[in-house]
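The chain is numbered in sequence order, starting from 1. Here the structure is a predicted model, which means the values were calculated and not measured.
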Amino acid sequence: MSKFNQPLGGNEMARFGGPATMMRLPTQETAAGLDVAFIGIPMDIGTSNRSGTRHGPRQIRDESRMLRPFNMATGAAPFDHLQVADIGDVPINTFDLKKSVDIITDYYNGVLAHGALPLTLGGDHTLTWPILRAIKAKHGPVALIHVDAHADVNDTMFGEKVAHGCPFRRAWEDGCLQNDKVFQIGLRGTGYSLDDFDWGRKNGWTVVQAEECWHKSLKPLMADIRAKIGDAPVYLSYDIDSLDPAFAPGTGTVEPGGLTIWQGLEIVRGCAGLNLVGGDLVEVSPPYDPSGNTALIGANLLYEMLCVLPGVPQGRLVG
C-alpha cells in the first residue's frame with residue numbers, strides 16, 4: 001500500500017465512473033500535507049472574444065479520467081514520489097474581475113503557506129497574474145516559461161488594466177519576473193504594431209515566434225532555456241491556444257499556424273530538471289470543442305507538468 005494518493009484506476013472503476021476530480025484523485029479542502037495541489041479557477045470574465053473558459057476546469061477534470069499514473073515516454077511515476085490531491089476550485093466573484101484577482105492571490109497565498117506546489121486548471125489567462133503575485137511573496141521574482149499564441153502584455157484592453165491580454169504586463173509591473181529569464185514561445189498571428197511582441201524583447205525577454213518553431217523539434221530550444229534559467233525558481237504558464245487550432249479548437253482566441261501537440265509535449269518535458277514552483281494550463285473553452293479533445297490535451301499537458309516537478313525522477317529519455 002503506497003503512502004501517496006493514487007488516481008483511481010480503470011480496472012477498479014470504469015473510466016466513465018468515479019469522482020470527477022483531476023485524474024480521479026482524492027480531494028481535500030486545503031493543501032495541508034500535499035506536495036502538489038491541482039486547483040481549478042472557473043473564470044472567463046477576463047476574456048475578450050469567445051467566452052466559455054469558466055467551464056474549462058470541469059471538462060479538463062472529466063477528460064483526465066483517461067490518464068494513467070505512469071509516463072511511458074519518460075519513465076516518470078509522480079504518484080510514487082509526491083502527495084497529490086485535487087483541492088477544488090477558487091471561489092471567484094464571477095461578477096467582478098478585479099475582486100476575483102485579489103481572491104485568487106489570497107487563495108494561493110494559503111496554498112503556498114502549506115508548502116504545496118500549485119498546478120492550475122483554467123480559466124482565462126488573467127488568472128496567471130494574481131498567482132504570480134502569490135508566487136513572488138513565497139519565492140521572490142521568478143523565471144517564466146510562457147507558451148501562448150499571444151504575448152498578453154497589453155497595457156489596457158478597453159481602458160481596463162485587468163484582462164486576459166494583460167497579465168504579464170501587470171506581473172512585470174509588480175516585480176514578479178526575472179526579466180533575463182522570461183521566455184515566450186509560440187507567439188503568432190496579426191497585431192496592431194511590432195510592439196505587440198517587441199515590448200517583451202525591449203525588457204530583456206526572449207520571444208520565440210511560432211514561425212521559428214515550424215517543422216522542427218523544440219528539444220534544442222528547451223536545452224538552451226534550461227541552461228539560461230539554471231537553478232532559478234521558474235513558473236510555467238501554458239495557454240492551450242499556443243497549439244494550432246487543428247489540434248485544439250476549443251479556445252477563445254484561435255490563431256492558425258501554431259505549435260503541434262508533440263512540440264507542446266517537448267516543451268513541458270523539456271522543463272525536467274528546472275526548479276519549477278508552479279504551473280497553469282489556461283484558456284480551454286469547452287463550448288467550442290464538443291468532442292472534448294482540447295480539454296483532453298490540456299489534461300495531458302497538466303499531467304506532463306506533474307511529471308517534471310522537482311522530486312520526480314525521469315526514468316528514461318526517448319528520442
List the steps and the verdict of side chain to side chain contact (heavy atoms under 4.5 Å, CB included) for C271 and L276. CA-CA 8 Å; C271 292; L276 284 163; 4.0 Å; yes

Working note: R188 + D148, criterion salt bridge (charged side-chain N to carboxylate O under 4.0 Å, His left out); need CA distance, chi angles, decisive distance, verdict. CA-CA 9 Å; R188 62 186 187 277; D148 203 325; over 6 Å; no

Apply side chain to side chain contact (heavy atoms under 4.5 Å, CB included) to the pair V268 and M222, showing each step before the final yes or no. CA-CA 9 Å; V268 179; M222 293 310 299; over 6 Å; no

Step-by-step side chain to side chain donor-acceptor pair (under 3.5 Å) determination, T21 to R61: CA-CA 5 Å; T21 59; R61 288 181 170 113; over 6 Å; no

If you apply the rule side chain to side chain donor-acceptor pair (under 3.5 Å), what do you find for D195 with S193, and how did you get there? CA-CA 5 Å; D195 204 46; S193 72; 5.3 Å; no

List the steps and the verdict of side chain to side chain contact (heavy atoms under 4.5 Å, CB included) for C166 and D152. CA-CA 5 Å; C166 308; D152 292 351; over 6 Å; no

In sequence, state the C-alpha distance, the side-chain angles, and the governing distance for T128 and Y235, and then conclude on side chain to side chain donor-acceptor pair (under 3.5 Å). CA-CA 10 Å; T128 304; Y235 188 87; 5.1 Å; no

Could you go through the side chain to side chain donor-acceptor pair (under 3.5 Å) check for N93 and S100 one step at a time? CA-CA 5 Å; N93 182 333; S100 292; 5.4 Å; no

Would you sort out whether R269 and K219 count as a side chain to side chain contact (heavy atoms under 4.5 Å, CB included), showing the intermediate values? CA-CA 9 Å; R269 291 175 182 173; K219 287 184 179 180; over 6 Å; no

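We find the NE2-CD1 distance between H164 and I45 to be 12.5 Å, quoted to the nearest 0.5 Å. The distance from atom CG of D280 to atom CD1 of I39, rounded to the nearest 0.5 Å, is 10.5 Å. Between the NZ atom in K136 and the OG1 atom in T105 there is a gap of 11.5 Å [rounded to 0.5 Å]. Note: L25 CG to S64 OG = 8.0 Å, rounded to the nearest 0.5 Å.
Under a hydrophobic-cluster definition in which Ile, Leu, Val, Met, Phe, Trp and Tyr are linked whenever side-chain heavy atoms come within less than 4.5 Å, directly or via other members, M305 and L218 are assigned to the same cluster. One hydrophobic cluster, built from ILVMFWY side chains closer than 4.5 Å, cannot hold both I240 and L296; they sit in different ones. Note: the hydrophobic cluster containing L274 also contains L281 (ILVMFWY, side chain heavy atoms under 4.5 Å, direct or indirect links). Hydrophobic cluster membership differs between V111 and V36, with clusters built from Ile, Leu, Val, Met, Phe, Trp and Tyr side chains linked at under 4.5 angstrom.
Nearest heavy atoms, P57 versus G123: CD-N, 3.7 Å. Looking at every heavy atom in both residues, C307 comes nearest to Q314 through O-NE2, 2.7 Å. Scanning both residues, L8 and G18, for their nearest heavy atoms gives CD2-CA, 4.0 Å. In this structure, L112 and P118 approach most closely via the heavy-atom pair CD2-CD, 3.8 Å. Between V153 and R169, the closest heavy-atom pair is O-NE, 3.0 Å. Residues A77 and V312 approach most closely at N-CG1, 4.3 Å, considering heavy atoms.
Around atom CD of E29, no more than 12 heavy atoms belonging to other residues, nucleotides or ligands sit under 6.0 Å away. A 6.0 Å sphere centred on NZ of K161 holds more than 12 heavy atoms belonging to other residues, nucleotides or ligands.
Between the N203 side chain and the W199 main chain, a donor and an acceptor come within less than 3.5 Å of each other. Put simply, the side chain of D174 never gets that close to the backbone of C176: no donor and acceptor are under 3.5 Å apart. Of the possible donor and acceptor atoms, one in the side chain of D86 sits under 3.5 Å from a partner among the backbone N and O of M22. Side-chain atoms of R58 never come within 3.5 Å of backbone atoms of H55 as a donor-acceptor pair (strictly under, hydrogens ignored). Between the side chain of H114 and the backbone N or O of T30 there is no donor-acceptor pair closer than 3.5 Å. With Q184 contributing its side chain and A151 its backbone, the two residues share a donor-acceptor pair below 3.5 Å. At distances below 3.5 Å, at least one donor-acceptor pair connects side-chain atoms of R24 with backbone N or O atoms of M13. The backbone N or O of T251 lies less than 3.5 Å from no partner atom in the side chain of D241, so there is not a single donor-acceptor pair. Remark: the backbone N or O of P26 is not paired with any side-chain donor or acceptor of N5 at under 3.5 angstrom. T53 places a side-chain N or O within donor-acceptor distance of the main-chain N or O of M43, the cut-off being under 3.5 Å.
With Y288 as the aromatic partner, R50 meets the cation-pi criteria of under 6.0 angstrom to the ring centre and within 45 degrees of the ring axis.
Annotation: side chain of P249 is in contact with side chain of T294 (closest heavy-atom distance under 4.5 Å). The shortest distance between side-chain heavy atoms of K98 and E160 falls below 4.5 Å. Side-chain contact between W172 and W129 is absent, with no heavy-atom pair separated by less than 4.5 Å. At a threshold of 4.5 Å between non-hydrogen side-chain atoms, the residues P130 and Y108 do not count as touching. You'll find the side chain of V208 stays beyond 4.5 Å of the side chain of F183, heavy atoms only. Residues I135 and V277 meet the side-chain proximity criterion, which asks for heavy atoms closer than 4.5 Å. In this structure, the side chains of V282 and I41 stay at 4.5 Å or more apart for every pair of heavy atoms. Between L34 and I87, some side-chain heavy-atom pair lies under the 4.5 Å cut-off.
A side-chain contact (heavy atoms from CB on, under 4.5 Å) with V101 is found for exactly one of T126, I131, L127, namely T126. Screening V182, V234, L132 for a side-chain contact (heavy atoms from CB on, under 4.5 Å) with V142, the sole residue that qualifies is L132.
The residues K99 and D102 are annotated as not salt-bridged, no charged nitrogen and carboxylate oxygen being separated by less than 4.0 angstrom. Ion pair D231/R226 not flagged as a salt bridge, since none of the NZ, NE, NH1 or NH2 atoms sits closer than 4.0 Å to an Asp/Glu carboxylate oxygen.
Side-chain atoms of T253 and N49 include no donor-acceptor pair closer than 3.5 Å.
Using cut-offs of 30° and 60° for the angle between ring planes, the H125 and F168 rings count as perpendicular.
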